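Everything quoted here is computed from the prediction, not taken from an experiment. Naming convention: chains lettered A, B, ... in sequence-line order (proteins, then strands); numbering from 1 in each chain.
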Amino acid sequence: AQKVTQAQTEISVVEKEDVTLDCVYETRDTTYYLFWYKQPPSGELVFLIRRNSFDEQNEISGRYSWNFQKSTSSFNFTITASQVVDSAVYFCALSESPGGGADGLTFGKGTHLIIQP
Amino acid sequence: NAGVTQTPKFQVLKTGQSMTLQCAQDMNHNSMYWYRQDPGMGLRLIYYSASEGTTDKGEVPNGYNVSRLNKREFSLRLESAAPSQTSVYFCASIPRPLKLAGGPTDTQYFGPGTRLTVL
């Protein structure tokens with residue numbers, strides 16, 4: 001069975017601080033796929049990144065970066081120089097099939113990130 | 001190109017009433033999904049349709065039925081609504097056939113959600 005744990009229920013930081021959102025996963029498969037989604041206050045789900053288990057390179061996109069470590073089953077997300085617009089709930093998700101799989105994504109419970117001005 | 005659309009956006013039902021949530025995508029996607037989101041629970045899969053004409057149960061299918069009417073549309077029906085079905089419902093779709101979905105942007109794309117309250 002798959003499981004995704006986001007231990008941080010809520011994080012509050014002051015604007016311009018760096019913040020890291022933790023994600024730990026469990027799966028029996030040797031090939032799997034990890035995702036991050038953002039849910040702003042408006043409620044829609046915005047895809048941020050997908051990472052395949054066989055690709056352990058870290059990813060950087062502007063102020064966002066992701067650290068994938070198979071040894072610790074973690075896929076952490078860091079926002080550098082946070083901005084108020086980054087305030088949202090962030091979900092980590094896992095699938096054993098590409099693209100979210102035949103049986104869907106397994107989501108963590110989300111981390112509510114609050115960026116204070 | 002509207003992406004994934006859902007109707008209605010909001011709905012209030014009384015216990016025992018029935019209703020159908022509609023989902024449509026205009027991106028020629030093959031696979032479609034229904035999730036529910038409850039406070040502090042993340043999203044959980046209700047049903048999915050890997051291709052037109054097929055549907056399968058997800059993690060929490062009880063109390064729901066689905067219909068994959070055609071490639072564009074995937075509806076979710078509550079036959080007899082219960083307060084436990086109060087939730088936000090999301091529809092999603094994936095661009096390519098699953099066996100080809102290996103690219104970095106191959107993921108599920110979500111609709112805006114339907115907020116359902118059952119009294």
*What distance do B/L43 atom CG and A/L105 atom CG have between them, rounded to the nearest 0.5 Å?*
9.0 Å

Are [X] and [Y] near enough that their ring centres are under 6.0 Å apart?
X	Y	result
A/F35	A/F91	no
B/Y33	B/F90	no
A/Y64	A/F77	yes

*Can you say whether B/Q37 sits under 4.5 Å from chain A via the side chain, the backbone, both, or neither, judging by heavy atoms?*
side chain

*What part of B/Y47 is in contact with chain A, defined as an atom under 4.5 angstrom from a non-hydrogen atom: side chain, backbone, both or neither?*
neither

*Give, as side chain, backbone, both or neither, the part of A/Q6 having an atom under 4.5 angstrom from any heavy atom of chain B.*
neither

